[in-house]
Amino acid sequence: MSDKNISKKIKIEDVTSLPLELESQQKASKEKIGSVTEGKLTLYDRQKRNVERFHELLRKKMTRQLASSMVACVHCGMCAESCHYCLSRPDDPQMTPVYKADQIRRIFKKHIDWTGRVFPKWVKAGSPVTDEDLNHLKNIVFGTCSACRRCTFNCPMGVDTALLIRFARGILTDLGIVPEGVFNVSRDQWETGNQMAVTEEDYLETLDWMKEELQEELDNPDIDIPIDTEDCDFMYTINPREIKFDPRSISHAAKIFHFADEKWTMPKWGWDQTNFGLFSGDDKLGAYVAKNVYEAAERLRAKRIVISECGHGYRSTRWEGYNWAEYDQNIPAESVILTLMRYIQNGRIKVNPAKNSEPVTFHDSCNIARSGGLLEEPRWVLNKVCSDYREMSPNRRENFCCAGGGGLLSMAEYKPLRMEVAKIKADQLKATGAKLVCTICHNCVDGLTDLIKHYDLDMKVVQVLELVSHALVV
Amino acid sequence: MSDILYFLENKVQIVALSFLLFVYILRIFWLFRFKSRKEQSYSEGNATACIAHSMLNVAMPWAMESIRKKPFFYIQFILFHMGVIFAIAATFIIPYGPQLFNIQAVVWIFQFIVGMAFIVGMFRLYRRFANPSIRLISSRDDYFSLILMIFYFGVAFLAIPNNYHRSEWPLILFFALTAFFLIYVPFSKIGHYLYYPFTRFFLGRTMGHRGVYAKRKKCRYPEGL
Ligand code: SF4
Ligand code: SF4
């Protein structure tokens, strides 16, 4: 591996002391944007008793799941070597999952648990005192963890450290003590219903553009990307990144649906299946975005919701969103991978693996595999459409994060550390000898692309829809 | 047997045990005070099977990469916790079935196990001091609990032969320590076994519901949709 791009080790104090950037918050305040005036998005206010509010929120938001993970840790350190931060920085004791979780656990001990309230020093209970301390916590929970849940699966006690990290993020979000990127994306999703502030006009124009290209490519003027059609077999939801940066993924999907003779639609509103609430820990935002999708499907009387290739979008829309929104699922929802599987199984599309002959490996997105349960399905599809599939090691539930998970791609200030700890993933990729790394997550596409560039790997990132579309026998 | 030893072996131990039980019940009520979230999405797996899988995790060293990579830790874990079980068993055998310790082989087995637990405890203590990552997260309770356990194993080793006619001191110390333990445990990290079923249940339920483990063979959606 070439070392030319590999930066020197980051000093962890440089990360944990990063200041709270408020430019975007001040702008939002000046502009009196709806999500702020309606109280959905909190701005940081130095005058408010933020530490006290932190404690109040800690009590208010505590659940049984969280409380048991708070009290069950025995400080055995077994989780340490499961974390890519820790493995990449073995000499840095602040990188262990338990250390990170302890930064919120100590506050829980001090204010909620028994022994810590009476004998705080005995159990290392403690409390933030100033807003600076809260900012320090912000840098730990947002900047040194991608919430990949690998440590959770490697804890003998079943402590869900990633859940604790998300919980702490959520409280800080409620105080406006968040990285600027988190604020900006949350604002966009509150304001426009999608993470990238795509306007309805842009959305419809891009779909139209993709439709025209497809009609031209297949020389068939009847091909359509239907919008707001009622009573379809499914409603297709996407990641706004597809509109902004990767519209080809929509045309790949449309092409496959066309050959499968599918009755499908995309909604005019409620099309964004991604959900920044998962990353910011803001259940309100999570509920709002997920509900947009569920309600769109109801409105259109779709028989199913199909979620395009996106890790956190899949986890949010398929699993967490119903709980955040307190919404009993009434319409089936699935990843597009299952849809593709069904097409191939039922002979609705024909594929030729020889069309994808380059060696390809698969990267399991944490949110899809460890937190989503899709383990064999993508492999099944890849084995049908590629002739040289190579497994990565470790894989499935044990795969390493692309290092860009947990919303880290939107937090530029933590990028140097993210790149440093991506070394584990880079080594994993290199060992496969593959030329293509396939993933079913747009976030991982960017995370992997960053690290491929940084570590100078001879690889390209692709997605399943692209490979299936390429393998189609028409 | 002196009055003090008799008092420690019987009355004190029962009072301490009742206290432990009482605090545990309070602790469970305390945990139940926090709301629990229910799953509102359709399930794709078998949550019950996954809860069982999660609970039995402790008996499946192959299930976690962290243990597969460090099998020595698993052996340590087994020995240490066997030591706890054997030492606790001794606190019941000595007052209620002392004839068992008339069998020399039984005494040796018990002494071997608690002796090994003692050695593991020493190793763990060394690791807690020597490893910077572990040192950083360790609290006074972590050190105290571990030292207490090591001491307890040592005392149990001496008390198990139950030779009160030769010297009562190991037995007095053993039962006094047991009583202290029973009172201290619910407030310290040693009480972690009370929480294990909770964390494992929640993890198993979530992962089972999503089919991360114990996935349903058949997709729940109608074919051809
Ligand atoms: S989180 Fe689990 S593995 Fe990590 S130190 Fe705590 S109990 Fe051990
Ligand atoms: S969730 Fe992932 S990144 Fe965060 S501490 Fe655990 S293993 Fe490390």
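Just so we're clear, the structure is a prediction, and the values are computed from it rather than from any experiment. What's counted below: heavy atoms across the whole structure, side chains too, no hydrogens, waters or symmetry copies. Letters A, B, ... mirror the listed sequences (proteins, then strands); counts begin at 1.
A salt bridge links A:E398 with B:R68: at least one charged nitrogen is closer than 4.0 Å to a carboxylate oxygen. Ion pairing between a basic and an acidic side chain is recognised when a charged N comes within 4.0 Å of a carboxylate O; B:D141 and A:K109 show no such pairing.
The closest side-chain heavy-atom distance from A:V71 to B:H192 is not below 4.5 Å. Contact annotation: the side chain of A:R315 approaches that of B:R210 to within less than 4.5 Å [non-hydrogen atoms, C-beta and beyond]. At a threshold of 4.5 Å between non-hydrogen side-chain atoms, the residues A:M78 and B:Y74 do not count as touching. With a 4.5 Å cut-off on side-chain heavy atoms, A:R397 and B:Y213 count as touching. Using a 4.5 Å heavy-atom cutoff, the side chains of B:S41 and A:R318 are in contact. Here the side chains of B:N57 and A:F153 are not in contact, with every heavy-atom distance at 4.5 Å or above.
Interface summary for chain B: among A:Q65, A:K263, A:R370, the most heavy-atom pairs under 4.5 angstrom belong to A:Q65. Note on B:R128, B:R33, B:K70: by heavy-atom pairs under 4.5 Å with chain A, the leading option is B:R128. When the candidates A:V118, A:D328, A:T339 are compared by the number of heavy-atom contacts under 4.5 Å with chain B, A:D328 comes out ahead.
Ring pair B:F187/A:W122: centre-to-centre distance not below 6.0 Å.
A donor-acceptor contact shorter than 3.5 Å is absent between the side chain of A:H75 and the backbone of B:S138. With hydrogens and angles disregarded, a donor-acceptor distance shorter than 3.5 Å links the side chain of B:T199 to the backbone of A:M157.
When heavy atoms are compared at a cutoff of 4.5 Å, B:L136 approaches chain A by way of both its backbone and its side chain. At a 4.5 Å heavy-atom cutoff, the contact between B:F73 and chain A is made by side-chain atoms alone. Only the side chain of A:R150 comes within contact range of chain B, judged by heavy atoms closer than 4.5 Å. Both the backbone and the side chain of B:L31 come within contact range of chain A, each with at least one heavy atom under 4.5 Å from a heavy atom of that chain. Looking at A:K60, the atoms closer than 4.5 Å to chain B (heavy atoms on both sides) all sit in the backbone: N, CA, C or O.
Paired with A:N323 under the rule side chain to side chain donor-acceptor pair (under 3.5 Å), one option of B:E39, B:Q40, B:K38 passes, and it is B:E39.
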